[in-house]
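All values below come from the heavy atoms of this structure, side chains included, with hydrogens, waters and symmetry mates left out.
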Amino acid sequence: MAKSAIPATAEGMPKFNRAAIMTLAWKLYHRDWANARPANAQAHRKSFSRCLRSAWMTAKHHAAEALKTVQQRAADRVQELTLELMRVDARGWQQSTTANRRSLQAELTAASIAAA
């Protein structure tokens with residue numbers, strides 16, 4: 001099977017700021033190795049590879065978030081609030097959950113109206 005290259009200007013493909021992605025990768029790399037003991041070159045390459053992969057995933061996530069509609073964002077927020085409410089309900093009986101539960105419930109009601 002012949003490999004066909006997809007041009008970077010293909011329709012529907014988001015454009016990424018590669019310089020910003022590389023800058024983020026280097027920031028992640030330097031943060032990881034700031035106080036680390038010296039290692040061999042292979043460990044550094046592997047670490048930078050992981051940082052670069054993480055920077056690309058972040059850029060793609062931001063691009064996907066930018067394409068979401070208002071209703072999709074509201075639906076995502078409703079889902080997040082529902083999960084947080086479940087976490088509050090799962091707390092131990094000695095912990096006070098009333099204030100957290102009320103605020104989450106009010107925000108969930110407002111978000112579900114916006115999502116509809």
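- Listed by chain and residue number, nothing satisfies the side-chain hydrogen bond (donor to acceptor under 3.5 Å, both in side chains) test with T82 (two or more places apart in sequence, or in another chain).
- In the hydrophobic clustering, where aliphatic and aromatic side chains (Ile, Leu, Val, Met, Phe, Trp, Tyr) are joined below 4.5 Å either directly or transitively, V70 stands alone.
- What you find for V78 and L108 is that their closest heavy atoms are O-CD1, 3.6 Å.
- In this view, S47 and W33 satisfy the side-chain hydrogen bond (donor to acceptor under 3.5 Å, both in side chains) rule, not counting sequence neighbours.
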_R53 and F48: CA distance, side-chain angles, deciding distance, side-chain contact (heavy atoms from CB on, under 4.5 Å) verdict_ = CA-CA 8 Å; R53 194 174 315 121; F48 184 73; over 6 Å; no
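- The local environment of CZ in R73 is crowded, with over 12 non-hydrogen atoms from other residues, nucleotides or ligands closer than 6.0 Å.
- Pairing each heavy atom of S103 with each of N100, the nearest pair is OG-O, 3.0 Å.
- Evaluation of the salt bridge (Lys or Arg N to Asp or Glu O under 4.0 Å) test over residues 54-63, restricted to residues two or more places apart or in two chains, returns none.
- Counting only residues at least two apart or in different chains, salt bridge (Lys or Arg N to Asp or Glu O under 4.0 Å) contacts with residues 75-92 comprise K68-D76, R77-E80, R77-E107, E84-R87, D89-R101.
- No donor-acceptor distance shorter than 3.5 angstrom exists from the side chain of S49 to the backbone of R45, with no hydrogens or angles considered.
- By the side chain to side chain contact (heavy atoms under 4.5 Å, CB included) test, R102 is found to be paired with T98, residues two or more places apart in sequence or in another chain being considered.
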Anything under 3.5 Å between a donor and an acceptor, one on a side chain of residues 21-31, the other on a protein residue two or more places apart or in another chain? List them.
{"residue": "T23", "atom": "OG1", "partner": "A19", "partner atom": "O", "Å": "2.8"}
{"residue": "Y29", "atom": "OH", "partner": "H44", "partner atom": "ND1", "Å": "2.7"}

